[in-house]
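Scroll down for the structure; my scribbles are underneath it.
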Amino acid sequence: MAVCDIIGLPDVFITPSIHSTESVQDADMALQKFYDACASAGPDLCPIATSNSTDATVRKWANDLIDAAHAKRETYITPTWIRSELSTAARRPTRWQQSAQQLQTFHNDIHNVEGSSVVTRKRSTLHVDPLSLKKRQASADDSLAIFTSAQFAIWCGDAADETGVTTTAVLKDFIWVTRNISPIEGPLGLPYATAFCHLWESRAIERHYHQGSPGLANPVLIIGNTYDVITPLVSARKLVGRLNSVGTRQAALIQHDGSGHTSLEMNSVCTYNIIRSYFTDGVVSSA
């Protein structure tokens with residue numbers, strides 16, 4: 001018996017040369033939840049909101065901040081920093097307030113608001129060693145953690161072989177996603193765990209290519225968040241469909257109506273009750 005709460009892009013392990021944009025399909029909807037909550041909370045709990053803010057005005061504030069970072073190059077606050085914080089807000093509802101505070105700090109630094117905490121310097125003089133970022137201890141809140149070598153070793157090592165893929169084509173995919181799906185997630189490249197697997201030479205010896213169900217002793221419960229930027233609901237639905245493709249029920253899907261990465265970001269008594277019944281009574285039910 002098993003419960004799977006993270007289902008990410010199952011096709012990349014069985015389909016050669018696939019660069020799925022699946023993981024960013026719900027990105028803007030997940031971020032919309034942050035804008036809605038911020039506007040509802042008001043300035044006391046969300047410093048980037050005003051007393052009469054709407055989700056639209058909060059979104060505009062965030063987009064204007066990105067534009068300001070582009071225009072005001074004498075600070076080292078880059079548009080990527082701002083997009084990264086917005087991406088964190090989309091993934092981590094439990095730290096929405098901290099994300100809003102960080103965005104306000106970026107705003108103050110860019111616009112030289114009195115009391116801002118970051119020293120202004122020329123962006124061109126700020127040098128960051130990528131190796132030092134990979135070596136340092138990354139916290140759970142750190143969006144840079146996804147760039148560690150372990151991510152590439154696991155995803156690319158188990159992925160299907162890449163054929164005819166070039167870095168130029170991958171970067172063009174980033175641009176297309178930015179223009180057509182998500183202007184926040186697209187430039188970051190964070191959802192593309194396998195985007196550069198054509199540069200990763202090693203592949204695992206034992207890889208799973210079977211597209212049907214392997215045949216399970218017990219059906220599994222698979223949880224998919226409605227708004228998950230990293231492991232989207234559509235991936236969970238695909239896996240359930242694949243496991244049940246042999247005609248016998250091998251899996252059941254729980255659609256957890258929440259935001260963030262995994263169901264743990266937003267608690268649900270309904271989801272907990274289904275899981276409890278599954279483990280205690282062997283009841284397999286979809287929701």
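- Between Val3 and Val220, the closest side-chain pair of non-hydrogen atoms is not below 4.5 Å.
- In this structure, the side chain of Asn225 does not engage the main chain of His261 through any donor-acceptor pair within 3.5 Å.
- We find that Glu185 and Arg91 are not joined by a salt bridge, their nearest charged nitrogen and carboxylate oxygen being 4.0 Å or further apart.
- Not one N or O on the side chain of Tyr35 forms a donor-acceptor pair closer than 3.5 Å with the backbone of Thr57.
- Asn244 places a side-chain N or O within donor-acceptor distance of the main-chain N or O of Gln250, the cut-off being under 3.5 Å.
- Taken to the nearest 0.5 Å, the OH atom of Tyr227 stands 13.0 Å off from the CG atom of Leu31.
- In this structure, Ile110 and Ala68 approach most closely via the heavy-atom pair CG2-CB, 4.0 Å.
- Across all their heavy atoms, Asp55 and Ala39 have their closest contact at N-CB, 3.6 Å.
- Between His198 and Thr167, the side chains place a donor N or O and an acceptor N or O closer than 3.5 Å (distance only, hydrogens not considered).
- If you check the side chains of Ser53 and Thr50, you find a donor sitting under 3.5 Å from an acceptor.
- Side-chain contact between Ser202 and Trp200 is present, with heavy atoms from C-beta onward closer than 4.5 Å.
- Proximity of a side-chain donor or acceptor of Asn218 to a complementary backbone N or O of Ala2 within less than 3.5 Å is not detected.
- Side-chain contact between Thr168 and Lys172: present, with at least one pair of heavy atoms (C-beta onward) separated by less than 4.5 Å.
- Pairing each heavy atom of Asp26 with each of Leu233, the nearest pair is OD2-N, 4.2 Å.
- Between Pro187 and Ser182, the shortest heavy-atom contact is CD-O, 4.1 Å.
- Residue Trp96 comes nearest to Ala89 through the heavy atom pair NE1-O, 2.7 Å, listed as atom of the first residue, atom of the second, then distance.
- The CE atom of Met29 sits 11.5 Å away from the CG atom of Asp228 when rounded to the nearest 0.5 Å.
- A donor-acceptor contact shorter than 3.5 Å is absent between the side chain of Ser235 and the backbone of Thr231.
- Of the possible polar contacts, none joining the Trp61 side chain to the Ala49 backbone as a donor-acceptor pair under 3.5 Å is found.
- Note that the CD atom of Gln102 and the CG atom of Leu86 stand 11.0 Å from one another [nearest 0.5 Å].
- Between Asp28 and Gln32, the side chains place no donor N or O within less than 3.5 Å of an acceptor N or O (distance only, hydrogens not considered).
- No hydrogens or angles considered: nothing links the side chains of Thr88 and Arg92 as a donor-acceptor pair under 3.5 Å.
- Distance alone, capped at 3.5 Å, places no donor-acceptor pair between the Thr94 side chain and the Glu265 backbone.
- Remark: the backbone N or O of Gln101 is paired with a side-chain donor or acceptor of Thr105 at under 3.5 angstrom.
- No donor-acceptor pair closer than 3.5 Å links the side chain of Arg237 to the backbone N or O of Gly224.
- Side-chain N or O atoms of Arg83 include one that pairs as donor or acceptor with a backbone N or O of Pro183 at under 3.5 Å.
- Once rounded to the nearest 0.5 Å, the distance linking CZ of Arg59 with CZ of Phe34 reads 12.0 Å.
- Of all non-hydrogen atoms in Ile48 and Ala100, the two that sit nearest each other are CG2-O, 3.5 Å.
- Using a 4.5 Å cut-off on side-chain heavy atoms (C-beta onward), Asn112 and Lys72 make contact.
- For the atom pair CD1 (Ile230) and OG (Ser87), the distance works out to 7.0 Å, reported to the nearest 0.5 Å.
- From Cys4, atom SG reaches atom CG of Leu221 across 9.0 Å, with rounding to the nearest 0.5 Å.
- Thr226 pairs with exactly one of Gln255, Lys33, His256 by the side-chain hydrogen bond (donor to acceptor under 3.5 Å, both in side chains) rule, that one being Gln255.
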CA sep, side-chain torsions, deciding dist, call: Ile222, Leu243, side chain to side chain contact (heavy atoms under 4.5 Å, CB included): CA-CA 11 Å; Ile222 293 178; Leu243 290 173; 3.9 Å; yes
